[in-house]
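Below: the structure, in structure tokens.
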Protein chains: 2
Amino acid sequence: MRAMHPVPVNTSTVAAEDIASLRHFNRYFTRRIGALDDHYLGQDRPLGEARLLFEIGEDGASLRDLRVRLGLDAGYLSRMVKALDAEGLVRVSVHPGDSRLRIAELTPAGRVEVTEQNLRADALAEGLLKGLTPDQREQLTGALGSAQRLLRLAAIRVEVVDGGHPDAQACLDAYAADIDERFPEGYDPATLVQPCEVSGESGALLVAYEEKRPVACGALTGFDQGGRIGEIRHVWVHPDARRLGLARRLLGELERQAEERGYDVVRLDTHASLTEAQSLYRACGYREIPRYNDDVYGAYFFEKRLGTERPWGP
Amino acid sequence: MRAMHPVPVNTSTVAAEDIASLRHFNRYFTRRIGALDDHYLGQDRPLGEARLLFEIGEDGASLRDLRVRLGLDAGYLSRMVKALDAEGLVRVSVHPGDSRLRIAELTPAGRVEVTEQNLRADALAEGLLKGLTPDQREQLTGALGSAQRLLRLAAIRVEVVDGGHPDAQACLDAYAADIDERFPEGYDPATLVQPCEVSGESGALLVAYEEKRPVACGALTGFDQGGRIGEIRHVWVHPDARRLGLARRLLGELERQAEERGYDVVRLDTHASLTEAQSLYRACGYREIPRYNDDVYGAYFFEKRLGTERPWGP
DNA sequence: TCATTTCTTTGACCCTAGTCAAAGAAATGA
DNA sequence: TCATTTCTTTGACTAGGGTCAAAGAAATGA
């Protein structure tokens, strides 16, 4: 069996000036804005407790969740929650479904404190932005937005996983539920690929992870027995991870997987309602072809010849 | 005497979404990149010491400087330096000019450690950027760059200071030295405004501060005895603070000061070699007029009628 | 010259943040 | 059913990061 480990997305070396600029920004930002923020957030409460209160939030959260989200030691967390409980800011109860779990929720007093935290943080941000014209603020918002999108994208790792893997199943289920809502005629989950179709020599299932959390998937299957044509299916991105350019990247990874498996051509079909997907495929070098299957959901059919372009587009 | 306190630069309220976007970015960035960076920077050295080593840098620094730059308690700093000295990473000596001051410098071993720090930080940044295409990296660098410029600009405060204030004098001296180099014929510092010309009713001297450090200046004087015309002079920005849009902002502040003093018109002249300045004035609504004085350095003369535009440009 | 200010050092503290191990209680899988 | 895993609590302990006040030495201003 050939190597199926995900190959590095991009082998070109990183320009020293890009590194320097990221480091420079990092230094400036964390020292000047981040440090300020932490200082104001806490006020007369220890930073750890302030963060914990913030993280519990309006809806409450299980200790387990908080532990993972904040990356805290279980004992440390337990003690902090106890302290906040003693101060009347937090109320702890047993999870109704699983009595090993505890749920922490804010009391009214806790809510007040969190509201104050937010007001302070807002005031800090407002004070910063006050020094700019509305136009410049808009520029700043835009710049921070695209920086954040790119940093998120950079941190996402795409992996080949087994079709039966729970993360894969979760993605495919979410995909099915998503398009079931978007297709006027609904979507029958029985139409999803089977695990056996996307493993081994002829197929692959890719899952994209953002900090351990699966946020996107895409499947490659063998289209014919001859083995020259692959089919791409179920390219899906979690709503939280859209507009990062992740679909394009997944597509590129899927094409690379197809090349690795010796396919010359990949095909895919798409529903009439998914117009963004259609533009994406066109932008990535796919061209429309006649219907090649009897998929009830397929309205447009695309194909791309592999082995000529660079891995994933500009 | 009328109130001469600097008025707020901009009175429009800050949009809630701009505040939210800044806070959102801040959370994402400090938790994900900043925290990572700190963790990697230190390795098996306490973070405080690692930061201190970095801050001492190749050129060394006085304890006083370090104390201010890092915002540390004097006793705490003293002890950290002592610890680094004991480890052979830092060497402390008495300042040649002022024996109250101590200078901390890296020993060769300290230099090695800082180099390693830098390599680790570079590797971290490179790992992040590896997930992007060269194109996306360029976008990221651009976005971070403009965000940083805007954040710096937002943090700069413009103040009216007395013409004799040491910060004012420092700026004017730097201005004189700067243009002395740029003018082919040199510049005679005797031509600078006198403190009495920029104080009281008819004139003002503005100094822009970036975190307590003066980084730009600009002077407003009365041009004629009638009191309808003001003259703007000595608009200068420290090289480190250029390309932020600070000159434009200073100009706007000076115009506001002129309006406050009842001037209808402001004039200024500029040297033939300062072409950027000329474009700035044009962009800010100044129009060229005939020579109005016998200044030997003046080659182009501009004027602007006040009281119509918004404080400072788009 | 003398009082005041600036800069550093030292001693004596404190608290936050965090680690590690043990143990109990509930859920899960075989 | 029983062994294993998951989740939380508790005890014991540590290091890092930091504050405060006193005091000495040098510089500065009146």
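Just so we're on the same page: letters track the sequence lines, and every chain starts at 1. For the numbers below, each heavy atom of this structure counts, side chains included, while hydrogens, waters and symmetry mates do not. Here the structure is a predicted model, which is why all the values come from computation and not from measurement.
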Evaluation steps, side-chain contact (heavy atoms from CB on, under 4.5 Å), between B/Asp178 and B/Tyr187 = CA-CA 9 Å; B/Asp178 194 355; B/Tyr187 180 79; over 6 Å; no
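B/Asp240 approaches B/Arg152 most closely through the heavy-atom pair O-NH2, 2.9 Å.
For the pair A/Thr107 (side chain) and A/Gly88 (backbone), a donor-acceptor distance under 3.5 Å is present. Although no hydrogens or angles enter the test, the distance criterion places no donor-acceptor pair under 3.5 Å between the side chain of A/Thr221 and the main chain of A/Glu197.
Along DNA chain C, read 5' to 3', the first and last nucleotides having any atom under 4.0 Å from a heavy atom of chain A are C/dT16 to C/dA27.
Taking the side-chain hydrogen bond (donor to acceptor under 3.5 Å, both in side chains) definition, one finds that B/Gln169 meets it with nothing, sequence neighbours left out. With sequence neighbours left out, the side-chain hydrogen bond (donor to acceptor under 3.5 Å, both in side chains) criterion links B/Asp98 to B/Arg100.
In this structure, B/Leu52 places its CG atom 11 Å from P of D/dG17, rounding to the nearest Å.
Residues from residues 63-91 of chain B with heavy atoms under 4.0 angstrom of DNA chain C, sorted by number: B/Leu63, B/Arg64, B/Arg67, B/Ala74, B/Gly75, B/Ser78, B/Arg79, B/Lys82. A heavy atom lying under 4.0 Å from DNA chain D marks none of the residues of residues 92-99 of chain A.
Relative to the axis of its first five pairs, the axis of the last five pairs of the helix from C/dT1-D/dA30 to C/dA30-D/dT1 sits at 30°, rounded to 10 degrees.
Here B/Ile103 contributes atom CD1 and B/His95 contributes atom NE2; the two are 4.5 Å apart, rounded to the nearest 0.5 Å. Distance check, rounded to the nearest 0.5 Å: NE2 of B/His234 to SG of B/Cys171 gives 12.0 Å. Annotation: the span from B/Leu77 atom CG to B/Glu55 atom CD amounts to 11.0 Å, rounded to 0.5 Å. Put simply, CG on A/Asp162 and CG on A/Leu205 are 8.5 Å apart, with the number rounded to the nearest 0.5 Å.
In B/His24, the NE2 atom is not crowded: 12 or fewer heavy atoms of neighbouring residues, nucleotides or ligands sit closer than 6.0 Å.
Inter-residue side-chain proximity for A/Ile33 and B/Phe29 is flagged as unmet; no heavy-atom pair is nearer than 4.5 Å.
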